[in-house]
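Down below is the structure, laid out as structure tokens.
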Amino acid sequence: MLQSRPRIGFRFVALAVASLSLVGEVKANCTSLGPVGQLQDITPPGVHLHGTGVCDYGVQVAVLDPRNPSTVYVGTCNYGIWKSTDCGSTWTNINTGTNGDHIQNSSHWTLVIDPVDPQVLYTNAGYNRVNAARSGLFKTTNGGVDWTEIWPPKDKAHANLLGHNLVTQVNINPGNNLHLLLGFHEVCAPPHSQACFAETRDGGNTWTIHNGDPRWQFSHSQTPYIIDDQTWLFANHD
């Protein structure tokens, strides 16, 4: 279960039992929601929950537009990316353009929105059912309609780093929206350490590979976090 802490004067999003719920008070366009203080299921209508569709995980991640908190994006398991502009009262499946089929038929457990340009989002395409080799990181610059694959990169130097290009998590530097760290859901190939991760300082155009601690063996979940340019955190789970 993933749950954010409630803030005074705002609703908070909770992901529980594969559904999406809100509670509290929002200072945004949320007039179509139910009474303040009551949890309600706002799962997008096209996203099936446990045991009823092509994937048992439903909603996996949610993010808010930092400039308009009534705009919510959710990533799902094999039901694409959905957007609401009224705090979850109504939803639209938005990945209808370039590479939309890859987004629709994969699992999204990481989703981040650019704090400077909210039309830019990044998500993974885990266990891509269209093409398993394209299970990496995708980027949109028009609010989720069209998507460009930015991991694996075109740079052939990184072509053999991973077997399946599975991404664990992407995080953005809060002080530099073009600076991202990318963790993987599989071990890295030599000469890199098994727990390696990638960095970009140009929004995904080019990447640098960093080695994690060589003592972390058989790692399958590397999660780097950016505090600032000089301070990073790294979580590792084998």
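Atom set for the values below is all heavy atoms of this structure, side chains included, hydrogens, waters and symmetry mates excluded. Here the structure is a predicted model, which means the values were calculated and not measured.
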Main chain of [Y], side chain of [X]: is a donor-acceptor contact present, judged purely on distance under 3.5 Å?
X      : Y      : value
His158 : Trp207 : yes
Gln169 : Thr110 : no
Lys139 : Leu121 : no
Asn99  : Trp147 : yes
Ser193 : Asn211 : no
His108 : Ile103 : yes
Asn124 : Ser107 : yes
Ser106 : His102 : yes
Asp146 : Thr98  : yes

Is any side-chain heavy atom of [Y] closer than 4.5 Å to one of [X]?
X      : Y      : answer
Cys196 : Phe184 : yes
Pro118 : Arg67  : yes
Val167 : His185 : no
Phe138 : Thr140 : no
Ser135 : Leu166 : yes
Trp151 : Thr200 : no
Thr123 : Leu137 : no
Ile227 : Trp232 : no

- Kindly state whether the ring of Tyr127 and the ring of Trp109 have centres lying under 6.0 angstrom apart.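 So the answer is yes for these two rings.
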- Query: Do Ile94 and Val63 sit in the same hydrophobic cluster, where Ile, Leu, Val, Met, Phe, Trp and Tyr count as joined when their side-chain heavy atoms come under 4.5 Å apart?
  - Reply: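 Yes.
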Working to the nearest 0.5 angstrom, can you tell me the gap between [X] [atom1] and [Y] [atom2]?
X      : Y      : atom1 : atom2 : answer
Ser84  : Leu33  : OG    : CG    : 8.0 Å
Asn205 : Ile150 : CG    : CD1   : 8.0 Å
His179 : Ile172 : NE2   : CD1   : 11.0 Å
Asp65  : Ser70  : CG    : OG    : 8.0 Å
Arg134 : Asp101 : CZ    : CG    : 8.0 Å

- Task: Report the C-alpha separation of Asn173 and Asp228 in whole Å, then their side-chain angles, then the decisive distance to 0.1 Å, and conclude whether the side chain to side chain donor-acceptor pair (under 3.5 Å) test is met.
- Result: CA-CA 6 Å; Asn173 185 337; Asp228 53 41; over 6 Å; no
- Message: Thr141: which residues meet the side chain to side chain donor-acceptor pair (under 3.5 Å) condition with it, sequence neighbours left out?
- Response: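 Listed in chain order: nothing, the list is empty.
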- Arg201 and Asn176: side chain to side chain donor-acceptor pair (under 3.5 Å), yes or no, with the steps? CA-CA 8 Å; Arg201 290 182 177 268; Asn176 180 355; over 6 Å; no
- Is the count of non-hydrogen atoms from other residues, nucleotides or ligands lying under 6.0 Å from His192 atom NE2 greater than 12?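 Yes, the 6.0 Å shell around NE2 holds more than 12 heavy atoms from other groups.
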- Give a yes or no on whether Asp117 atom CG has more than 12 heavy-atom contacts from other residues, nucleotides or ligands under 6.0 Å away.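 Check passes, neighbour count above 12.
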- Go through the side-chain N and O atoms of Glu186 and His164 and say whether any donor and acceptor fall under 3.5 Å apart.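 Not at all, the side chains of Glu186 and His164 share no donor-acceptor pair under 3.5 Å.
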- Query: With no hydrogens and no angle check, do the side chains of Thr76 and Asn78 hold a donor and an acceptor under 3.5 Å apart?
  - Reply: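 Note: Thr76 and Asn78 side chains miss the donor-acceptor criterion.
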- Can you list the steps and then say if Asn93 with Asn95 is a side chain to side chain donor-acceptor pair (under 3.5 Å)? CA-CA 6 Å; Asn93 187 193; Asn95 50 280; 2.9 Å; yes
